[in-house]
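A short write-up of the structure that comes next.
One is the number of the first residue; the rest follow in order along the sequence.
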Amino acid sequence: MLAAGVRGENIEHLKLLLGARPPTLLLFTEPSEPVPEESKPVEMPFHHCHRDPLPPLGLTPERLHARRQLYAACAVCFVFMAGEVVGGYLAHSLAIMTDAAHLLADVGSMMGSLFSLWLSTRPATRTMTFGWHRSETLGALASVVSLWMVTGILLYLAFVRLLHSDYHIEGGAMLLTASIAVCANLLMAFVLHQAGPPHSHGSRGAEYAPLEEGPEEPLPLGNTSVRAAFVHVLGDLLQSFGVLAASILIYFKPQYKAADPISTFLFSICALGSTAPTLRDVLRILMEGTPRNVGFEPVRDTLLSVPGVRATHELHLWALTLTYHVASAHLAIDSTADPEAVLAEASSRLYSRFGFSSCTLQVEQYQPEMAQCLRCQEPPQA
């Protein structure tokens, strides 16, 4: 009876407790069972390999600006190209038609550049693990090649005219059309000009800024496609001035009509030479060369300066575009060094000092035989 009374008092006491506390606090699980909780996103530390939580969607501000430039320049180029075709036909001027053909090549190259800008926004896939950034470089290469092909045809026509003098030039129509062509090329050069304050270069790889240490060097223009179009316009502008000078001469001295094919011949060669720097940069990128403003030795010395790093090997530097630089390397560290700390410090230095868009570093224990390993040796000078 006493035990039953004690149990009754305990039950009454339990009822009082239930009335005083919310029922959600009463758990009927075993003490050893974990309480289920909702999964929450965990904020990763700063030294985690992903420097950006999510990649930016769509075009970056720099590429949006490049697209607006190309749209405007393409519209201007198309309008004045049509005017030059009509003016060149009325003036019977091969020089005017040459300039119109160059404008046609520029329209095609800028449309290709716009397509490559759109294609570069597509996300990376298991097939295209780096994404479509290099389409910008391929667009610039197609632009250069198209200009060279058109210029070659026009050089042949100019040579034929120099051999045969059975043609007539309308000096007035040629002078008017050449003047309009100069204004058109000046307007396009203004639209495509990219000089301005340097942009920041984070892990997105859209722009490039001067290094934290060392002397500042001139950096490439912001976008490869816009740069190629700008170089084309400069070549066309130079040719337009030559055509204008030839038209003035023919207008006042019709007997010097040979100035028309001569100007075509000379300034087409200048246009070809103006594309040489762009072609050199494009071929350097396609050949997986070291980025132009990043040296092998400075990157190697930066990695060796990280505490705990004894040696580096398999160091590779390349670029997907003029502004998207990539690095990978093996770091041989002391047995007492913390691999995570070494990896975090080395990655941070590469990102901050050289503006790499992607870095892949492998940390391994240093072995004395690495000094004699052929695969661990540095590549020779070019």
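Residues L350 and L303 form a side-chain contact, since some pair of their non-hydrogen atoms from C-beta on lies under 4.5 Å apart. Put simply, the side chain of L141 reaches to within 4.5 Å of the side chain of L279, judged on heavy atoms. Within the 4.5 Å cutoff, the side chain of V107 has heavy atoms near those of the C74 side chain. The shortest side-chain heavy-atom distance between W318 and S328 falls under the 4.5 Å cut-off. Annotation: side chain of N185 is not in contact with side chain of F80 (no heavy-atom distance under 4.5 Å).
Summarising the geometry, atom NE2 belonging to H330 is positioned 10.0 Å from atom OG1 belonging to T360; distances are rounded to the nearest 0.5 Å. Here the CG atom belonging to L175 is positioned 7.5 Å from the CZ atom belonging to F252, to the nearest 0.5 angstrom. Separation of atoms CD (E314) and CG (L331) is listed at 12.0 Å; rounding is to 0.5 Å. In this structure, K257 NZ and R161 CZ are separated by 9.0 Å, a value rounded to the nearest 0.5 Å. Rounded to the nearest 0.5 angstrom, L186 CG and S240 OG are separated by 8.5 Å. Annotation: the span from L244 atom CG to T177 atom OG1 amounts to 11.0 Å, rounded to 0.5 Å.
Heavy-atom minimum distance, A258 versus L162: O-CD2, 4.3 Å. Nearest heavy atom pair, residue A91 against residue A173, reads CB-CB, 3.7 Å. For the pair A178 and V243, the tightest heavy-atom approach, listed with the atom from each and the gap, is CB-CG1, 3.9 Å. Heavy-atom minimum distance, G171 versus I250: CA-CG2, 4.4 Å. Contact detail for A311 and L304: the closest heavy-atom pair is CA-CD2, 3.8 Å. Heavy-atom minimum distance, F130 versus A124: C-CB, 4.3 Å.
L187 and I180 fall within the same hydrophobic cluster, where Ile, Leu, Val, Met, Phe, Trp and Tyr residues are linked whenever their side-chain heavy atoms come under 4.5 Å apart, directly or through other members. A continuous path of Ile, Leu, Val, Met, Phe, Trp and Tyr side chains, each step under 4.5 Å between heavy atoms, connects I333 with L315, placing both in one hydrophobic cluster. Both L155 and W148 are assigned to one and the same hydrophobic cluster, defined by single-linkage of ILVMFWY side chains at heavy-atom distances under 4.5 Å.
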> Where do V326 and L317 land on the side chain to side chain contact (heavy atoms under 4.5 Å, CB included) test, with the steps shown first?
Replying inline: CA-CA 6 Å; V326 185; L317 311 173; over 6 Å; no
> E369 and R375: salt bridge (Lys or Arg N to Asp or Glu O under 4.0 Å), yes or no, with the steps?
Replying inline: CA-CA 11 Å; E369 54 267 22; R375 296 191 60 181; over 6 Å; no
> Going through the checks in order, is the side chain to side chain contact (heavy atoms under 4.5 Å, CB included) test met by Y89 and I96?
Replying inline: CA-CA 8 Å; Y89 176 78; I96 296 295; over 6 Å; no
> When you look at I285 and L320, which way does the side chain to side chain contact (heavy atoms under 4.5 Å, CB included) test go after all the steps?
Replying inline: CA-CA 7 Å; I285 291 173; L320 296 180; 6.0 Å; no
> Stepwise, does the side chain to side chain contact (heavy atoms under 4.5 Å, CB included) test hold for V309 with D334?
Replying inline: CA-CA 7 Å; V309 176; D334 292 324; over 6 Å; no
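Of the possible donor and acceptor atoms, one in the side chain of R349 sits under 3.5 Å from a partner among the backbone N and O of S305. Side-chain N or O atoms of T129 include none that pairs as donor or acceptor with a backbone N or O of R126 at under 3.5 Å. Judged by distance alone, with hydrogens and angles left aside, the side-chain atoms of E84 form a donor-acceptor pair with the main-chain N or O of A100 at under 3.5 Å. In this structure a side-chain-to-backbone donor-acceptor pair under 3.5 Å is missing from R300 to G295. For the pair S348 (side chain) and A344 (backbone), a donor-acceptor distance under 3.5 Å is absent.
A side-chain hydrogen bond (donor to acceptor under 3.5 Å, both in side chains) with H313 is found for exactly one of E364, Q362, Q377, namely E364.
Side-chain contact annotation: R284 with T290, donor-acceptor N/O pair under 3.5 Å absent.
The number of heavy atoms from other shown groups lying within 6.0 Å of OH (Y366) is above 12. Surrounding CZ of F296 are more than 12 heavy atoms belonging to other residues, nucleotides or ligands, all under 6.0 Å away.
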